[in-house]
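Values reported hereafter were calculated over all heavy atoms of this structure, with side chains retained and with hydrogens, waters and symmetry mates removed.
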Amino acid sequence: MSSDPTKPPETTVAGDSEERTKRFLATASHDLQSPLRHIAMYAELLLDDLEETLDGEQLQSLRMIMEKAQTAQRLTKALMSLAGGTPQVTPEEIDLQALAENVWGELTDETAVREATLESDGLPSIRTDPALFGLVLRHLLTNALTYRSEVSPRVAIAAEREGTDWFIRIADNGMGIDPAYRERIFEPFWKLPKPGAVQGVGLGLTTAREFLTALGGDISLEHSDASGSCFIIRLPIA
């Protein structure tokens, strides 16, 4: 039996979507490189010229600007390499507990969700690319704060070692994901419907999955119901 010629194969649709994602990542990353480079450069110049005249808080703020710009530069370069099919990964030993707390603090400040709680005591040190994995955490924690329920947001992060892998679970008490949408959450440019929510690009979970693939790991939705959702990240130990 011949297939319907008016309906493109699913593999073609998926391939087109993946190609659109890569073009988007490459273009956006390329266009961001120049302004980020100038921000980092001018922050460094200001530090050199004004270090003796600034107080401790001002110096800390200026150093933070420079560090964040440099981090963003590394991320955009990684995005461009990922879009080009040759991801550049720079593994380092990182304190997962400190990274999670840092990302959480930034997000709660940005979203002004003051009553949110993070439970993450005793997370281990892991060896991975801090910029890429930090962005993975940012996407997952952003979703937990965005798709929250009527109660104050609560997120729990736990990690356990199994064989040659780390398994990192990120659970929230949010609104949950309708079973009808669970196969679509990793699709590029698709966003979980939420009444009154500001519509974004819909690439958070897509890029998180792509970054984890580049790091030798993966991500999946372990469970989701009215009590919240839990994502599980697998990351190789070495």
Applying side-chain hydrogen bond (donor to acceptor under 3.5 Å, both in side chains) to T117 and not counting sequence neighbours gives none
Results of salt bridge (Lys or Arg N to Asp or Glu O under 4.0 Å) for D109 - residues two or more places apart only: R114
Output all residues satisfying side chain to side chain contact (heavy atoms under 4.5 Å, CB included) with E150, sequence neighbours left out; order by chain, then residue number. none
Can you name the residues that form a salt bridge (Lys or Arg N to Asp or Glu O under 4.0 Å) with E160, not counting sequence neighbours? R169
Show me the pairs that pass ring pair (Phe, Tyr, Trp, His ring centres under 6.0 Å) and involve residues 151-186, at least two apart or across chains. Y181-W190
Which side-chain hydrogen bond (donor to acceptor under 3.5 Å, both in side chains) pairs, counting each pair once, include a residue from residues 39-50, with sequence neighbours left out? none
Who are the side chain to side chain contact (heavy atoms under 4.5 Å, CB included) partners of D55, not counting sequence neighbours? E57, Q58
Tabulate below the donor-acceptor pairs under 3.5 Å that side-chain atoms of residues 225-238 make, not counting sequence neighbours, or state none.
residue	atom	partner	partner atom	Å
D225	OD1	S227	N	2.8
D225	OD1	S227	OG	2.5
S229	OG	S224	OG	2.6
R234	NE	D218	OD2	3.0
R234	NH1	D165	OD1	3.3
R234	NH2	G216	O	3.3
R234	NH2	D218	OD2	3.2

Salt bridge (Lys or Arg N to Asp or Glu O under 4.0 Å) partners of R63, counting only residues at least two apart: E51
Does anything in residues 122-138 form a salt bridge (charged side-chain N to carboxylate O under 4.0 Å, His left out)? List the pairs, not counting sequence neighbours. E106-R138, E110-R138
Applying side chain to side chain contact (heavy atoms under 4.5 Å, CB included), name anything that partners L46, two or more places apart in sequence or on another chain. L50, L62
Residues forming a salt bridge (Lys or Arg N to Asp or Glu O under 4.0 Å) with E119, sequence neighbours excluded: R154
